[in-house]
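Here the structure comes first, spelled out in structure tokens, and everything after it is commentary.
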There are 2 protein chains.
Amino acid sequence: MPITIYDVAREAGVSMATVSRVVNGNPNVKPATRKKVLETIERLGYRPNAVARGLASKKTTTVGIVIPDISNTFFAEVVRGIEDIASMYHYNIILSNSDNNVEKELSLINTLLEKQVDGLLFMGGEVTEEHLHIFKTASVPIVLAATKDPTHQFPYVDIDHFKAAKDAVEDFILSGHKKIGLISGPLTDPLMGFDRYKGYKKALEDAGVALNEEYIRIGDYRYESGLKGMNYFLSLEDKPTAVFVVNDEMAVGAIHAIQDAGLNVPNDIEIRGFDNIPISSMVRPLLSTVSQPQYGIGAVAMRFLTKHMNQESITEKTVILQHQLVDRDSTKRRDNR
Amino acid sequence: MPITIYDVAREAGVSMATVSRVVNGNPNVKPATRKKVLETIERLGYRPNAVARGLASKKTTTVGIVIPDISNTFFAEVVRGIEDIASMYHYNIILSNSDNNVEKELSLINTLLEKQVDGLLFMGGEVTEEHLHIFKTASVPIVLAATKDPTHQFPYVDIDHFKAAKDAVEDFILSGHKKIGLISGPLTDPLMGFDRYKGYKKALEDAGVALNEEYIRIGDYRYESGLKGMNYFLSLEDKPTAVFVVNDEMAVGAIHAIQDAGLNVPNDIEIRGFDNIPISSMVRPLLSTVSQPQYGIGAVAMRFLTKHMNQESITEKTVILQHQLVDRDSTKRRDNR
DNA sequence: CTGTTAGCGCGTTCAC
DNA sequence: GTGAACGCGCTAACAG
């Protein structure tokens, strides 16, 4: 039999309204009675029921998170950013994995909305018509993180994947490379796949370098597919001299493929990854990459969501965070920069 | 103005009790009226309010998770196991990071309990008197994962860290090593620190090998401290010929320290890590380690919790999962095994 | 400064 | 099979 606000009120000889006031820090309570109430709360071990509070106040101080996979280092870091800011604003997070499965995503969003979360943070590969539809049925704010709404109807925070990829490839071009490989993600993946692919293409185009289909391999973001993609390049007569790999895990695979073939990184082939996950500074040679502020994406997205939830004035509809070329040892030093 | 069960009842021309029945799958409803209700639910876009339901039914179908740090690969994998099983049983999880800070842990547990979670999964370095105290004030089941209750009052699921470490060191001994180093975690850390340290000590003792303090370094589980610990060993006149490192991240650091010094793993020094996180199969040489079923720990702990929540009959108070020596390339092949 | 009184949206007896 | 009515524990006016 859990003890309720009534029990406290009775024991303290006040009304439940007063107890409610001290629990919620309402200043309109005489210090003496506040003290009395606090003491009996302590004595009885009263623990306010947040569910009842939620029903009455229509606020749960809980936000929902839909994410592809928490065991993916990248997302784990984003979630850490989210949770830190959430806890700073006294929100809890309900976390759910979607495996990038649209059915699952929609169902999870629905469940979260039923649980009356005060806001929702969505991360997923693609935002479809169905997503937009269910987003619109929500009566709470929704922010997309590391995800883009092509229709610009919902706020999102992300980096500019196109430009980031373009920067990476232009760096290779600037240091004289013409034979530049790409180990990409599935082109059906809008951001990490297609946008980065487009960036690669544009950089070559701008430099007047013809696109060579032999220099493009599609992977699945896993280590093995990086190995495999690079082994293909190594089998070519005319191998690329530099390879841009669209995520770090595959990039590490690519490095190992080169080393296993008895070649040297960066002397024989330069490699640049993408993301800057912890592993990139735990391999030899240290991986040069394009850093993406994972923690920051989560933190900013959550902060953005609190603004929407508190109806603070929002200036921008979308936040684009900055990426950065991180030069370590899998690319040669560029003295001309 | 969100639409409620009343709206549906009115529109469908039935009572709210009937709507409640169809929503909850109660069989005592004539198929015809069930159909009618279902249709108007669909038409109105009715979404049951889980908070109200929670208040009335005293169940939230939500469990609380307290974890040191979700951005740590090990815990991320455990949480993935938890969430998969949770979603299988239609539970959602509220996730919170404690950074192994006791104050924070206690406060988080309290918040979770206020939110009326149906159960709690706790992961932390140590279980103190204070933890036990607050656990006892909870009216819902609590299970510890990857954590041990020394007083055996609360159920937990974990591996046998002592035996695992002992096995690892005995393997070195069996293959002829006498000079065996240890890069440990803080000895104040009960499981990963102290138990593994004891296992190391016991293995030496059983083999009649004297303990050499010079061969023991304390790290903090991070890559850099693995580097540092190994650099110390390398500075010794009489270097260890094999080193047991109590987690993979430090083990990778140790390998790199050896390689940076121009020596070879495993020919000059053998290395074995602990945990078997993904990175251990993404480095060269591939890291030999002691595998710990991270996903399984999470999954089993969550399943265990559902049993407690559903008052199913529990046979065992505690679950010890099996560890395993995984031999890859940072240890020499043992042909005599 | 404090108490009274309505609900919040739904599950659940208990009659019918 | 179905409906009426109560209560879950708390917040939020509104009085006083």
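In what follows, every chain begins at residue 1, and chains take the letters A, B, ... in the order their sequences are listed. FYI, side chains are in, hydrogens and waters are out, and symmetry mates aren't considered; it's all heavy atoms of this structure.
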Write down the atom of [X], the atom of [Y], and the distance for their closest heavy-atom approach.
{"X": "A:L120", "Y": "A:I65", "answer": "CD1-N, 4.5 Å"}
{"X": "B:T4", "Y": "B:Y46", "answer": "C-CE1, 3.6 Å"}
{"X": "A:G125", "Y": "A:N100", "answer": "N-OD1, 3.0 Å"}

From B:E129 atom CD to B:H131 atom NE2, the distance as rounded to the nearest 0.5 Å | 11.0 Å

Find the distance between CG (B:N97) and CG (A:D84) and round it off to the nearest 0.5 Å.
-> 6.5 Å

Within this structure, what is the [atom1]-to-[atom2] distance between [X] and [N], rounded to whole angstrom?
{"X": "A:R34", "N": "C:dG3", "atom1": "CZ", "atom2": "P", "answer": "14 Å"}
{"X": "A:N28", "N": "D:dT11", "atom1": "CG", "atom2": "P", "answer": "15 Å"}
{"X": "B:R10", "N": "D:dG3", "atom1": "CZ", "atom2": "P", "answer": "15 Å"}

Sequence-aligned protein contact record of nucleotides 8-16 of chain C, with B where the base is within under 4.0 Å of a protein heavy atom and S where only the sugar-phosphate is = BBBBB----

Salt bridge A:E114-B:R53, side-chain N to carboxylate O under 4.0 Å |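 Result for this pair is no, no salt bridge flagged.
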
The residue among A:T318, A:D158, A:D195 that forms side-chain hydrogen bond (donor to acceptor under 3.5 Å, both in side chains) with A:K148 is A:D195

Axis-to-axis angle between the two ends of the helix from C:dC1-D:dG16 to C:dC16-D:dG1 (five base pairs per end, rounded to 10 degrees) = 30°

Give a yes/no answer on whether the side chain of B:S15 brings an N or O atom under 4.0 Å of OP1 or OP2 in D:dA4.
->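 Looking at the OP1 and OP2 atoms of D:dA4, neither is under 4.0 Å from any side-chain N or O of B:S15.
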
Is the centre of the B:F135 ring less than 6.0 Å from the centre of the B:F122 ring?
->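 Aromatic pair counts; centres sit under 6.0 Å.
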
